[in-house]
Amino acid sequence: MAVDMHKTCYGEYCGKPVLEINGTTEIYGDCGVCPRGQTIDHSKICRQCLEFPELYDWLYLGFMAMLPLILHWFFVEWYSGKKSSSALFQHITALFECTVAALATLLVSDPIGSLHLNSCRVKKLSDWYTMLYNPSPDYVKTLHCTHEAVYPLYTIVFIYYAFSLVLMMILRPLLIKKIACGLGKSDRFKSIYAALYFFPILTVIQAVGGGLLYYAFPYIILVLSLITLAVYMSASEIESFKDLLVRKKRLVVLFSHWVIHAYGIISISRVDKFEKDLPLLALVPGPTLFYLLTAKFTDPSRIRLEEGSGH
């Protein structure tokens with residue numbers, strides 16, 4: 001049924017779907033919810049999402065993809081004990097699972113069969129929470145116009161988590177059964193049990209706070225990476241450059257944090273031209289250098305010794 005174009009749509013996210021295109025004339029349906037993969041334009045008409053994600057959108061998706069991988073690696077390391085070979089294989093398997101899950105997610109997303117994405121542009125925080133903006137024109141009946149205005153940035157994360165979980169349940173038990181024979185029976189599958197806890201938690205976080213994460217993730221990356229790096233270097237009693245070179249694992253952890261630092265800096269800058277970000281990347285080793293240069297002044301044993309000599 002055609003709608004008079006002079007009649008306005010209620011609500012911030014209600015739109016008129018295009019029912020038919022007759023030459024240059026478009027025939028619109030009743031004002032309501034836009035179909036999946038569409039969102040409203042400035043005239044409150046539902047339009048197909050045909051734009052490509054911005055660099056910042058890809059960085060956000062990369063952050064959401066890294067979360068389960070980092071948690072996998074953390075719990076594998078936590079429960080593997082001294083079985084370094086077992087932990088290494090599990091790290092590689094977790095990376096393989098997340099990589100395949102990411103590729104599969106892109107392939108099943110619009111356009112199907114391509115690694116590209118069609119998306120709607122994110123304009124403001126409320127675009128993530130359209131369910132909160134359903135209007136009530138007569139204050140009695142609610143007009144439900146909830147749709148994914150940030151398509152596909154909201155739902156694609158759930159699809160990725162589903163693929164990751166399925167691949168983990170298929171591959172990880174077989175691997176652990178073969179290579180983790182040195183671990184106790186109760187310890188072999190603890191990293192998998194941990195994933196069965198953190199995947200639902202990540203899902204709830206995305207469902208409730210996806211919009212907040214979209215705007216805050218660069219700062220979350222920098223703050224958490226700085227904290228974890230300081231905790232790791234303190235727990236490993238690293239106080240000089242020589243201490244870093246004692247074990248290769250320490251260098252791997254350090255460079256991993258540097259990569260995450262760089263990721264956060266690029267995300268904050270929100271610049272599409274990578275060349276403009278290069279000077280900012282010089283700040284990446286800063287926290288490590290600051291820690292190594294000041295660690296000797298904050299050594300508790302030295303402080304106690306100075307207090308004792310003062311008395």
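Side-chain contact annotation: H72 with S191, donor-acceptor N/O pair under 3.5 Å absent. Side-chain atoms of E77 and H91 form a donor-acceptor pair, as typed in the model, at a separation below 3.5 Å. Side-chain contact annotation: D127 with Y13, donor-acceptor N/O pair under 3.5 Å present. In this model, a donor atom of one side chain and an acceptor atom of the other lie less than 3.5 Å apart for D57 and Y214. Counting only N and O atoms by type, the side chains of T146 and T130 include no donor and acceptor under 3.5 Å apart. A donor-acceptor contact closer than 3.5 angstrom links the side chains of W258 and T288.
Hydrophobic clustering places F63 together with I205 (ILVMFWY residues linked when any side-chain heavy atoms are closer than 4.5 Å, directly or through intermediates). Criterion: ILVMFWY side-chain heavy atoms under 4.5 Å apart, direct or through other members. Under it, L171 and V76 are not part of a common hydrophobic cluster. I220 and L69 are members of different hydrophobic clusters when ILVMFWY side chains are connected at heavy-atom separations under 4.5 Å. Tracing side-chain contacts under 4.5 Å through hydrophobic residues (I, L, V, M, F, W, Y), one reaches V166 starting from V100; they form part of the same cluster. Under the 4.5 Å side-chain heavy-atom criterion for grouping Ile, Leu, Val, Met, Phe, Trp and Tyr, I112 is not connected to L117 through any hydrophobic cluster.
Of the possible donor and acceptor atoms, none in the side chain of R36 sits under 3.5 Å from a partner among the backbone N and O of H147. At distances below 3.5 Å, at least one donor-acceptor pair connects side-chain atoms of K44 with backbone N or O atoms of G11. Between the side chain of T142 and the backbone N or O of H144, no donor-acceptor pair lies under 3.5 Å. Put simply, the side chain of E148 never gets that close to the backbone of G37: no donor and acceptor are under 3.5 Å apart. Under the 3.5 Å distance criterion, the side-chain polar atoms of S114 are left unmatched by any main-chain donor or acceptor of P111. In this structure, R172 contributes its side chain and L167 its backbone to no donor-acceptor pair below 3.5 Å. Using modelled atom types, no side-chain atom of S234 and backbone atom of A230 make a donor-acceptor pair closer than 3.5 Å.
Ring planes of F75 and F198: parallel class, angle under 30° (limits at 30 and 60°).
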Candidate pair L212 and L125, rule side chain to side chain contact (heavy atoms under 4.5 Å, CB included), full reasoning: CA-CA 7 Å; L212 299 175; L125 179 61; 4.1 Å; yes
Under the criterion side chain to side chain contact (heavy atoms under 4.5 Å, CB included), I'd like the reasoning laid out for S267 against F217: C-alpha separation, chi angles, the key distance, then a yes or no. CA-CA 8 Å; S267 301; F217 83 88; 3.4 Å; yes
What verdict does the side chain to side chain contact (heavy atoms under 4.5 Å, CB included) test give for V108 and F163, after you've listed the backbone C-alpha separation in whole Å, the side-chain angles of each residue and the deciding distance to 0.1 Å? CA-CA 11 Å; V108 301; F163 275 124; 4.0 Å; yes
Where do Y154 and Y129 land on the ring-ring contact (aromatic ring centres under 6.0 Å, His included) test, with the steps shown first? CA-CA 10 Å; Y154 186 75; Y129 304 102; 7.7 Å; no
Using the rule given for side chain to side chain contact (heavy atoms under 4.5 Å, CB included), can you reason through Y161 versus L202, listing the C-alpha separation, both sets of side-chain angles and the distance that settles it, and then say yes or no? CA-CA 9 Å; Y161 288 164; L202 291 177; 3.8 Å; yes
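Within 6.0 Å of CG on L245 lie more than 12 heavy atoms contributed by other residues, nucleotides or ligands. Open room surrounds CE on M169; 12 or fewer heavy atoms of other groups in view lie less than 6.0 Å from it. Applying the 6.0 Å contact sphere to CZ of F290 captures no more than 12 heavy atoms from other residues, nucleotides or ligands.
The shortest non-hydrogen separation linking C120 to T39 is SG-CG2, 3.5 Å. Taking both residues in full, the closest heavy atoms of A262 and L281 are given as CB-CD2, 3.8 Å, listed atom of the first, atom of the second, then distance. Annotation for L106 and L115: closest pair CD1-O, 3.9 Å, computed over non-hydrogen atoms. When every heavy atom of S109 is checked against every heavy atom of I156, the shortest pair comes out as OG-CD1, 3.6 Å. Taking every heavy atom of both residues into account, N118 and C49 meet most closely at CB-O, 3.3 Å.
The aromatic ring centres of Y60 and Y215 sit 6.0 Å or more apart.
Within the 4.5 Å cutoff, side-chain heavy atoms of Y160 are placed close to those of P68. Residues L283 and H261 fail the side-chain proximity criterion, which asks for heavy atoms closer than 4.5 Å. When side chains are defined from C-beta on, L229 does not count as touching S225, because their heavy atoms never get closer than 4.5 Å. Between D30 and K16 there is no side-chain heavy-atom pair separated by less than 4.5 Å. Counting heavy atoms from C-beta on, the side chains of P17 and Y28 never come closer than 4.5 Å. D110 has its side chain within reach of Y151: a pair of non-hydrogen atoms, C-beta onward, lies under 4.5 Å apart. Counting heavy atoms from C-beta on, the side chains of L153 and W128 come closer than 4.5 Å. Using a 4.5 Å cut-off on side-chain heavy atoms (C-beta onward), Y232 and R250 make contact.
Distance check for C34 and C46: the SG atoms are under the 2.5 Å cut-off. Disulfide status for C9 with C14: absent, SG atoms not under 2.5 Å apart.
Residue L50 holds its CG atom at 9.0 Å from CD of Q38, rounded to the nearest 0.5 Å. For the atom pair CD1 of I201 and CD of Q206, the computed distance is 15.0 Å after rounding to the nearest 0.5 Å. If you take CD on E97 and CG on L175, they are separated by 8.5 Å, rounding to the nearest 0.5 Å. With rounding to the nearest 0.5 Å, the separation of CG in L59 from CE in M66 is 8.5 Å. Here the OG atom belonging to S164 is positioned 11.0 Å from the CG atom belonging to L67, to the nearest 0.5 angstrom. Summarising the geometry, atom CD1 belonging to I92 is positioned 4.0 Å from atom CG belonging to L88; distances are rounded to the nearest 0.5 Å.
A salt bridge links E12 and K124; the closest N-O separation between the charged side-chain nitrogens and carboxylate oxygens is under 4.0 Å. Salt bridge absent: E54 and K123 never bring a charged side-chain N and a carboxylate O closer than 4.0 Å.
Screening I238, D243, T228 for a side-chain contact (heavy atoms from CB on, under 4.5 Å) with M233, the sole residue that qualifies is I238.
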